[in-house]
There are 2 protein chains.
Amino acid sequence: MQQTQNPHTTHLTIEEIEHRLRQHGYRLTGPRTVVVDAVLRHQRPFTAEQLVAELSSGDDSIGRATVYRTLEVLASMDVLTRIVSPDGHPSYISGAPGHRHHLLCQVCGITVTFTACPMSELISTLADETKFQINEHTLEVFGVCPSCQAHQ
Amino acid sequence: MQQTQNPHTTHLTIEEIEHRLRQHGYRLTGPRTVVVDAVLRHQRPFTAEQLVAELSSGDDSIGRATVYRTLEVLASMDVLTRIVSPDGHPSYISGAPGHRHHLLCQVCGITVTFTACPMSELISTLADETKFQINEHTLEVFGVCPSCQAHQ
DNA sequence: ATCGATATTGACACAAAGTATCACTAGTGA
DNA sequence: TCACTAGTGATACTTTGTGTCAATATCGAT
Ligand SMILES: [Mn+2]
Ligand SMILES: [Mn+2]
Ligand SMILES: [Zn+2]
Ligand SMILES: [Zn+2]
């Protein structure tokens with residue numbers, strides 16, 4: 001295994017994200033900035049609906065469609081990772097450059113990101129044996145973090 | 001890698017499934033039998049809604065809730081595997097005893113089941129480094145099967 | 001074979017999660 | 001500043017799944 005790291009170290013700054021948006025030809029709009037700000041405030045995985053709820057009231061209220069669209073854009077630019085847990089509920093984790101996987105606490109949601117991927121060997125074997133053209137894989141690990149183990 | 005195998009080899013017979021239902025204390029009802037029959041006819045992954053559509057018309061029509069409940073029961077008894085693809089849509093594959101993963105064709109849906117799991121080493125390293133209690137993992141591989149590669 | 005407790009069913013209403021439309025607004029480059 | 005067009009959000013809609021509950025079917029016991 002190569003490395004485990006704290007999710008904080010993968011966070012991009014607002015400036016970096018805005019730069020990426022421009023580079024990809026997206027406009028820098030008010031609502032988009034509000035969504036990005038909100039995303040960066042999250043240290044843990046969050047669902048689209050959580051973000052909708054946070055941003056649907058208040059002075060600059062953001063529409064549901066805009067939240068979903070912005071999450072899609074950010075995920076496509078590797079600002080966010082979309083993770084689907086075994087129960088089928090997708091959540092988002094901010095910061096995701098490169099090939100990463102996650103270890104999630106099923107109690108509190110805290111996340112450890114890791115770059116070690118044990119798949120490459122398996123993938124060549126699979127490709128050889130099945131003649132499939134292999135495009136992608138999902139790999140996520142679930143458990144209970146030390147803190148949640150301690151608190152019973 | 002230990003083995004790849006054709007999904008057909010993992011199919012259980014109706015009798016075996018009914019036996020399992022009894023063993024787990026479930027009653028052997030008409031609707032349940034109809035759902036099991038339908039499930040066994042599927043050689044490829046199918047969604048709950050597909051099954052609902054198949055069984056909602058005809059002489060012995062099954063209610064939506066019953067289909068969902070039966071799928072849940074069958075999955076809990078390892079008669080079915082519930083797989084969640086990266087787009088978040090769950091589908092079911094019949095036959096799933098033991099620890100298995102899948103290679104799915106993104107075009108036609110055909111599936112190869114494999115028992116090789118490259119996770120055990122990674123999991124002990126992760127547990128050591130993070131002190132997480134690790135409970136489960138998702139690992140699915142996606143690509144294009146040889147036949148779909150040929151047909152352009 | 002009949003009975004009674006209860007597991008199961010399915011119509012229905014409801015909820016959650018996400019998408020299509022489209023008139024309007026606001027960024028952006030010129 | 002202007003014109004072009006990407007982006008927004010209210011609304012309606014779809015899909016997928018869940019909760020309720022009176023009616024029914026199963027099954028072990030008699
Ligand atoms: Mn990987
Ligand atoms: Mn595994
Ligand atoms: Zn925790
Ligand atoms: Zn195929």
Side-chain angles (χ1 to χ4, degrees), chain A residues 14 17-39 45-77 79-80 82-92, chain B residues 14 17-39 45-77 79-80 82-92:
Chain A
I14 294 190
I17 295 173
E18 296 187 341
H19 185 242
R20 273 195 208 197
L21 282 168
R22 297 216 114 97
Q23 279 192 323
H24 286 253
Y26 293 106
R27 292 183 183 175
L28 223 62
T29 68
R32 230 165 230 164
T33 307
V34 172
V35 173
V36 169
D37 282 359
V39 162
F46 57 89
T47 65
E49 285 302 320
Q50 275 171 24
L51 212 55
V52 168
E54 282 176 33
L55 301 179
S56 65
S57 66
D59 41 348
D60 36 20
S61 149
I62 310 294
R64 163 189 303 273
T66 299
V67 171
Y68 275 90
R69 285 187 289 234
T70 306
L71 287 176
E72 199 181 333
V73 167
L74 295 177
S76 80
M77 296 188 334
V79 169
L80 286 178
R82 179 187 155 106
I83 253 190
V84 180
S85 59
D87 69 3
H89 292 167
S91 58
Y92 295 85
Chain B
I14 294 191
I17 295 174
E18 296 188 341
H19 185 241
R20 274 195 207 197
L21 282 168
R22 299 216 112 95
Q23 280 192 323
H24 287 252
Y26 293 107
R27 291 183 182 176
L28 221 63
T29 68
R32 231 164 230 165
T33 307
V34 172
V35 173
V36 170
D37 282 359
V39 162
F46 57 89
T47 65
E49 284 303 319
Q50 275 171 24
L51 212 56
V52 168
E54 282 176 33
L55 301 179
S56 65
S57 66
D59 41 348
D60 36 18
S61 150
I62 310 294
R64 162 189 303 273
T66 300
V67 171
Y68 275 91
R69 285 187 289 234
T70 306
L71 287 175
E72 199 181 333
V73 167
L74 294 177
S76 80
M77 297 188 335
V79 170
L80 286 178
R82 180 187 154 106
I83 254 190
V84 180
S85 58
D87 68 3
H89 292 168
S91 58
Y92 295 86

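Computed from a prediction, not measured in an experiment: that's the story for all the values here. Lettering of chains follows the sequences in order, A, B, ..., and the numbering in each one begins at 1. Hydrogens, waters and symmetry mates are skipped; everything else that's a heavy atom, side chains included, is used.
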Listed pairs under 3.5 Å, donor-acceptor, residues 62-73 of chain A side chains, sequence neighbours left out:
| from | atom 1 | to | atom 2 | distance (Å) |
| --- | --- | --- | --- | --- |
| A:Arg64 | NH1 | A:Glu49 | OE1 | 3.3 |
| A:Arg64 | NH1 | A:Glu49 | OE2 | 2.6 |
| A:Tyr68 | OH | A:Glu49 | OE2 | 2.5 |
| A:Thr70 | OG1 | A:Thr66 | O | 2.7 |

Sugar-phosphate only, base, or nothing, as touched by A:Ser61 at under 4.0 Å among non-hydrogen atoms: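 Sugar-phosphate only.
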Sugar-phosphate, base or nothing in reach of B:Arg64, heavy atoms under 4.0 Å: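 Since a base atom lies under 4.0 Å of B:Arg64, the category is base.
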Contacts of B:Thr33 that satisfy side-chain contact (heavy atoms from CB on, under 4.5 Å) - sequence neighbours left out: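 With neighbours one apart ignored, the set is B:Glu18, B:Asp37.
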Contacts of type side-chain contact (heavy atoms from CB on, under 4.5 Å), residue B:Pro90, not counting sequence neighbours: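 Applying side-chain contact (heavy atoms from CB on, under 4.5 Å) to B:Pro90 gives B:Arg82, B:Val84.
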Residues in contact with DNA chain C, drawn from residues 48-55 of chain B - heavy-atom cutoff 4.0 Å: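 Listed by number, there are none.
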Take atom [atom1] of [X] and atom [atom2] of [N], then tell me their distance rounded to the nearest Å.
X       : N      : atom1 : atom2 : value
B:Asp60 : D:dT24 : CG    : P     : 18 Å
B:Glu72 : D:dT16 : CD    : P     : 18 Å
A:Leu71 : C:dG18 : CG    : C1'   : 12 Å
B:Tyr68 : D:dT18 : OH    : C1'   : 10 Å

Euclidean distance, B:Ser61 OG relative to B:Glu54 CD, rounded to 0.5 Å: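 Those atoms lie 13.0 Å apart.
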Rounded distance (nearest 0.5 Å) linking atom CG of B:Leu74 with atom CD1 of B:Ile17: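 Taking CG in B:Leu74 and CD1 in B:Ile17, the distance rounds to 6.5 Å.
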Please tabulate, one pair per line, each protein N/O and nucleotide N/O from nucleotides 1-4 of chain C that are separated by under 3.5 Å, including the distance.
none

Global bending angle along the helix from C:dA1-D:dT30 to C:dA30-D:dT1, which compares the axes of five pairs at either end, to 10 degrees: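 Axis angle across the helix from C:dA1-D:dT30 to C:dA30-D:dT1, nearest 10°: 40°.
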Could I get a table of every N or O pair under 3.5 Å where one atom is in the protein and the other is in nucleotides 20-30 of chain C?
| from | atom 1 | to | atom 2 | distance (Å) |
| --- | --- | --- | --- | --- |
| C:dG27 | N2 | A:Arg27 | NH2 | 3.1 |
| C:dG27 | N3 | A:Arg27 | NH1 | 3.2 |
| C:dT28 | OP1 | A:Arg22 | NH2 | 2.9 |
| C:dT28 | OP1 | A:Leu28 | N | 2.7 |
| C:dT28 | OP2 | A:Arg22 | NH2 | 3.4 |

Pair A:Phe46-A:Leu51, side chain to side chain contact (heavy atoms under 4.5 Å, CB included): steps then yes or no: CA-CA 7 Å; A:Phe46 57 89; A:Leu51 212 55; 3.8 Å; yes
All ring-ring contact (aromatic ring centres under 6.0 Å, His included) counterparts of A:Tyr26, not counting sequence neighbours: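 If we apply the ring-ring contact (aromatic ring centres under 6.0 Å, His included) test to A:Tyr26, skipping adjacent residues, there are no hits.
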Shortest non-hydrogen separation from A:Gln50 to A:Pro45 and the atoms involved: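 Reported closest heavy-atom pair: OE1-O, 4.4 Å.
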Test item: B:Thr47 and B:His89 side chains (from C-beta on) under 4.5 Å apart, heavy atoms: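 Counting from C-beta outward, B:Thr47 and B:His89 never come under 4.5 Å.
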All pairs passing salt bridge (charged side-chain N to carboxylate O under 4.0 Å, His left out) where residues 22-34 of chain B contributes a residue, at least two apart: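 Listed by first then second residue: nothing to list.
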A:Ser56 (side chain) donor-acceptor with A:Val52 (main chain) under 3.5 angstrom: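 Yes; judged by distance alone, with no hydrogens or angles, the pair exists.
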